[in-house]
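Report on the following structure.
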Amino acid sequence: MIAARLTPSGARRYSETLVCEPASARRARLLVSAAVNAWGMSEMSEAGVQIVAELVNNAVEHTRCRTVRVLVTRTTECRVRIAVADTCRDTPAMDRPDGEAEGGRGLLLVDALSSRWGYDRNPWGKVVWAELEVPPTAEHQFAVALSLDARTSRREGDDAPPGSAPPSGSHAPCPHTAEPSAPRPPR
């Protein structure tokens with residue numbers, strides 16, 4: 001039996017504490033899928049569920065923890081961080097198994113699927129995380145081009161020459177700006 005409770009901690013973050021056992025990977029996959037779908041970022045779902053399953057399985061296999069905490073956070077309009085926290089301070093290491101090995105490829109998969117990954121050590125243990133970014137769509141790229149063109153056009157009284165760069169820090173919005181809603185708890 002999996003003892004877990006879905007905890008929304010604001011519209012941009014969801015977490016769940018799970019028993020540190022293999023069956024918890026399924027529950028973690030459901031949480032990630034529900035969160036990214038609620039945020040309108042369903043294109044991240046497949047990679048996200050594979051990443052969280054690997055991170056949970058690593059905690060199960062390599063720690064003696066009784067529970068793990070799964071966190072899914074929308075860090076920007078276009079980026080999601082998937083993290084698994086445990087009380088073990090041993091840091092993860094990416095193995096390079098030979099072709100005959102049956103295991104040892106989990107972090108290689110996380111590395112391949114994510115835009116970046118890493119871990120944070122804490123006094124109580126560690127958090128292993130991976131980030132996914134929404135790939136820009138053709139519509140998004142067109143909107144960015146229009147936005148840059150509009151910002152760089154010469155306006156009356158404007159001292160900037162035509163075609164100059166926009167002010168630093170300005171950017172077009174991500175195509176996923178729908179208001180997030182709370183995901184339904186996994187079944």
Side-chain angles (χ1 to χ4, degrees), residues 1-63 65-92 94 105-122 124-137 140 173-187:
M1 171 182 243
I2 299 175
R5 185 182 332 169
L6 177 67
T7 308
S9 21
R12 293 186 169 271
R13 183 174 177 199
Y14 298 92
S15 65
E16 191 167 354
T17 300
L18 305 170
V19 176
C20 193
E21 62 184 29
S24 293
R26 178 182 182 279
R27 186 95 175 157
R29 289 191 305 268
L30 291 171
L31 174 67
V32 169
S33 179
V36 298
N37 286 320
W39 292 325
M41 304 169 98
S42 59
E43 64 272 27
M44 289 186 180
S45 187
E46 188 175 330
V49 298
Q50 289 179 350
I51 286 170
V52 78
E54 291 300 332
L55 296 180
V56 169
N57 285 332
N58 280 351
V60 169
E61 194 172 314
H62 300 291
T63 73
C65 300
R66 295 185 338 183
T67 62
V68 293
R69 184 107 181 131
V70 177
L71 303 107
V72 186
T73 308
R74 186 173 181 180
T75 59
T76 70
E77 293 303 313
C78 299
R79 183 178 299 134
V80 171
R81 179 177 276 209
I82 298 165
V84 174
D86 62 54
T87 57
C88 179
R89 291 191 37 88
D90 295 341
T91 58
M94 193 167 16
R105 292 178 180 81
L107 290 177
L108 288 171
L109 182 61
V110 169
D111 185 57
L113 292 173
S114 64
S115 56
R116 67 186 196 132
W117 73 276
Y119 61 89
D120 300 320
R121 286 180 114 175
N122 295 299
W124 48 262
K126 70 177 172 304
V127 178
V128 183
W129 52 266
E131 291 182 346
L132 293 170
E133 291 188 42
V134 175
T137 62
H140 176 65
C174 177
H176 299 281
T177 56
E179 201 56 35
S181 59
R184 293 183 186 148
R187 297 188 195 272

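None of the values given here were measured: they were computed from a predicted structure. FYI, side chains are in, hydrogens and waters are out, and symmetry mates aren't considered; it's all heavy atoms of this structure.
Taken from CD in Glu54 to CD1 in Ile51, the straight-line distance is 9.5 Å, to the nearest 0.5 Å. In this structure, CD on Glu21 lies 11.5 Å from CG on Asn57, to the nearest 0.5 angstrom. Between Thr67 atom OG1 and Leu18 atom CG the span is 8.5 Å, to the nearest 0.5 Å. Rounding to the nearest 0.5 Å gives a distance of 11.0 Å between NE2 of His62 and CG of Asp86.
Note on residues 107-119: pairs passing salt bridge (charged side-chain N to carboxylate O under 4.0 Å, His left out), not counting sequence neighbours, are Arg116-Glu131.
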message: Could you walk me through whether Trp39 and Val72 satisfy the side-chain contact (heavy atoms from CB on, under 4.5 Å) test, starting with their C-alpha distance in whole Å, then the side-chain angles of each, then the deciding distance to 0.1 Å, before giving a yes or no?
response: CA-CA 11 Å; Trp39 292 325; Val72 186; 3.8 Å; yes
- prompt: Where do Val128 and Asn58 land on the side-chain contact (heavy atoms from CB on, under 4.5 Å) test, with the steps shown first?
  reply: CA-CA 10 Å; Val128 183; Asn58 280 351; over 6 Å; no
task: Begin with the C-alpha distance, continue with both residues' side-chain angles, and end with the deciding distance and a verdict on side-chain contact (heavy atoms from CB on, under 4.5 Å) for Asp90 and Thr63.
output: CA-CA 8 Å; Asp90 295 341; Thr63 73; over 6 Å; no
message: Run the side-chain contact (heavy atoms from CB on, under 4.5 Å) test on Val56 and Val70 for me, step by step, so that the C-alpha distance in whole Å, both residues' side-chain angles and the decisive distance to 0.1 Å come before the verdict.
response: CA-CA 8 Å; Val56 169; Val70 177; 4.0 Å; yes
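Looking only at side-chain heavy atoms (C-beta outward), Met41 and Glu133 stay at 4.5 Å or farther from each other. Under the 4.5 Å side-chain criterion, counting only non-hydrogen atoms from C-beta, Val68 is not in contact with Thr17.
Put simply, the side chain of Ser24 gets close to the backbone of Val19: a donor and an acceptor are under 3.5 Å apart. Here the side chain of Asn122 pairs no donor or acceptor atom with the backbone of Trp124 at under 3.5 angstrom.
In terms of heavy-atom proximity, Ala130 sits nearest to Ser114 at CB-CB, 3.9 Å. The two residues Gln50 and Leu113 make their nearest non-hydrogen contact at OE1-CD1, 3.2 Å.
Listed by chain and residue number, Arg121 satisfy the side chain to side chain contact (heavy atoms under 4.5 Å, CB included) test with Arg89 (two or more places apart in sequence, or in another chain). Evaluation of the side chain to side chain contact (heavy atoms under 4.5 Å, CB included) rule for Thr75 yields Thr73, Arg79, Arg81 as partners, not counting sequence neighbours. Here Ala83 pairs with Leu71, Val127, Trp129 under the side chain to side chain contact (heavy atoms under 4.5 Å, CB included) rule; sequence neighbours left out.
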N/O donor-acceptor pairs under 3.5 Å from side chains in residues 29-38, not counting sequence neighbours:
| unit_1 | atom_1 | unit_2 | atom_2 | d |
| --- | --- | --- | --- | --- |
| Ser33 | OG | Asn37 | ND2 | 3.3 |
| Ser33 | OG | Ser45 | OG | 3.4 |
| Asn37 | ND2 | Ser33 | O | 2.9 |

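Between Glu16 and Arg27 there is a salt bridge, with a side-chain nitrogen of the basic residue lying less than 4.0 Å from a carboxylate oxygen of the acidic one. Contact check on Lys126 versus Asp120 returns no salt bridge, with no Lys/Arg side-chain nitrogen under 4.0 Å from an Asp/Glu carboxylate oxygen.
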